[in-house]
Enquirer: 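Starting off with a structure, shown below.
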Amino acid sequence: MEIRRHPLVCGAALWLLVSVSSGADELLQEAGEAQRAQAELQARIEAADDEVRERLEELRRLERETRHLSARNAELAPRLEGQAETLDRREAAFATLAETRAALPELERSLVERLARWVERDLPFLTDERRARAASLEAGGDDPDASVEERLERILAAWRTELDYGREFDAWRGYLGGGGVRREVDFLRLGRVGLYYLTPDSREGGVWRAEEARWVALDEAERREVRHGLRIARDQRAPELLKLPVSQPLQSAPDGEERP
């Protein structure tokens, strides 16, 4: 039996096929666009992940540096506090520097005058040398070329020399008296406690009495002690205790002035 296709049916079928084909193309196009969008989204996600990782790494680095700086600050804090205290002290010293400099000339004069007075009132040993030292300090006070530090150093050096005299055990040969009655004698000095002389034949000897400002004769036993002291000072005899009268009271200095 012959089947006859109606033209209307055929046209509808053809339209259906064209519609299906067109819809498939659209679906394929949409699928492609979706894939591209997915790829772009994935790329943005990966880029965002890289940026997050970089920022996390930077954050960790900053945290490490912060911990290091905190530890360093804790280590330096005591030192900085000490330096701050030193600066405070220096600022306080600078604040009084002008007053100190203004007072220095008067202090220098006072020290030199006291030294000169001390030499005149002390035991009469090395008198010319000590007077010359004090006089040179008085003259040096008017030297415009000398700095304050140099003048103070010379004054303090002179006072140190005077202090050393008080610790010395000394013996020397010199002359006693003046004019035509000068005699050669041996002198013995026990710091600033005692000053004695003995003639070469040991027949005469004396002790200087500071309160009376004169020599007082020694008896035979005391002259023997002076002779022993002279030998000890010259390393000719072993040290031993000497029994001798003192030249001035131990409780005070001449005229009540404080000892150097």
Side-chain angles (χ1 to χ4, degrees), residues 85-178 182 184-197 207-215 229-230 232-235 239 246-260:
E85 292 177 358
T86 300
L87 289 175
D88 290 342
R89 290 194 298 269
R90 288 179 178 176
E91 289 178 358
F94 287 144
T96 59
L97 183 59
E99 297 178 3
T100 301
R101 286 190 176 276
L104 279 176
E106 181 61 30
L107 175 61
E108 292 176 20
R109 285 192 295 271
S110 175
L111 288 173
V112 172
E113 290 173 0
R114 287 185 59 193
L115 181 66
R117 287 197 305 268
W118 178 258
V119 171
E120 294 302 323
R121 299 172 184 177
D122 196 18
L123 303 182
F125 65 92
L126 304 177
T127 303
D128 293 340
E129 175 184 330
R130 297 165 69 196
R131 283 174 177 169
R133 186 183 299 117
S136 68
L137 293 177
E138 291 177 345
D142 298 325
D143 185 1
D145 297 328
S147 66
V148 174
E149 292 78 8
E150 291 172 341
R151 292 198 301 270
L152 280 176
E153 178 56 33
R154 287 199 293 264
I155 294 172
L156 293 177
W159 276 102
R160 283 192 291 268
T161 300
E162 289 294 327
L163 289 173
D164 289 340
Y165 288 146
R167 294 187 287 266
E168 291 176 351
F169 185 32
D170 194 16
W172 70 97
R173 176 158 290 190
Y175 291 93
L176 181 67
R182 295 181 66 195
E184 189 177 48
V185 298
D186 290 310
F187 290 98
L188 175 67
R189 181 173 61 85
L190 308 180
R192 284 191 167 86
V193 176
L195 179 63
Y196 314 91
Y197 80 86
V207 56
W208 177 261
R209 292 291 193 184
E211 292 180 324
E212 304 173 29
R214 67 184 184 90
W215 292 100
L230 289 169
I232 293 171
R234 292 165 177 164
D235 295 326
V246 295
S247 292
Q248 58 185 351
L250 300 181
Q251 68 272 18
S252 62
D255 292 349
E257 184 174 341
E258 184 181 354
R259 290 183 180 277

Enquirer: Could you check whether any side-chain heavy atom of T161 comes within less than 4.5 Å of a side-chain heavy atom of E129, counting everything from C-beta outward?
Expert: no
Enquirer: Can you check side chain to side chain contact (heavy atoms under 4.5 Å, CB included) on L190 and F169, steps first, answer last?
Expert: CA-CA 5 Å; L190 308 180; F169 185 32; 2.6 Å; yes
Enquirer: Indicate the atoms forming the closest heavy-atom contact of D164 with R167, along with that distance.
Expert: OD1-NH2, 2.7 Å
Enquirer: Calculate, to the nearest 0.5 Å, the distance between atoms CG and CZ belonging to L126 and R189 respectively.
Expert: 6.5 Å
Enquirer: Would you say R130's side chain and F125's backbone share a donor-acceptor pair under 3.5 angstrom?
Expert: yes
Enquirer: Answer yes or no: is there a side-chain heavy-atom contact under 4.5 Å between D122 and Y165?
Expert: no
Enquirer: Sub-3.5 Å donor-acceptor pair from the side chain of Q248 to the main-chain atoms of L123, do we have one?
Expert: no
Enquirer: Using the salt bridge (Lys or Arg N to Asp or Glu O under 4.0 Å) rule, take E120 and R117 through it: C-alpha gap first, then chi angles, then the decisive distance, then the call.
Expert: CA-CA 5 Å; E120 294 302 323; R117 287 197 305 268; over 6 Å; no
Enquirer: Would you give the length of the straight line joining atom CZ of R151 to atom CG of L107, rounded to the nearest 0.5 angstrom?
Expert: 11.0 Å
Enquirer: Quick one: pull up CG in L188 and CH2 in W172 and give me the separation to the nearest 0.5 Å.
Expert: 8.0 Å
Enquirer: Specify the closest pair of heavy atoms between A158 and L115, including all atoms of both residues, with the distance to one decimal.
Expert: CB-CD2, 3.7 Å
Enquirer: Do you know which two heavy atoms are closest between G177 and R182, and how far apart they sit?
Expert: O-CG, 3.4 Å
Enquirer: Which distance, rounded to the nearest 0.5 Å, do you find between the CG of L156 and the CD of E149?
Expert: 11.5 Å
Enquirer: Side chains of Y196 and V185: closer than 4.5 Å at any heavy-atom pair?
Expert: no
Enquirer: Is the side chain of S247 donor-acceptor paired with the backbone N or O of A210 at a distance under 3.5 Å, no angle test?
Expert: no
Enquirer: Find out whether D170 and F187 are in side-chain contact, i.e. whether some heavy atom of one side chain is under 4.5 Å from a heavy atom of the other.
Expert: no
Enquirer: CD/E168 to CG/L163 distance, rounded to the nearest 0.5 angstrom?
Expert: 11.0 Å
Enquirer: Taking all non-hydrogen atoms of both residues into account, name the closest pair between R192 and G166 and its distance.
Expert: NH1-N, 3.4 Å
Enquirer: Nearest 0.5 Å, what's the OG-CZ distance between S136 and R131?
Expert: 14.5 Å
Enquirer: Considering only heavy atoms from C-beta outward, does the side chain of E108 approach that of L137 to under 4.5 Å?
Expert: no
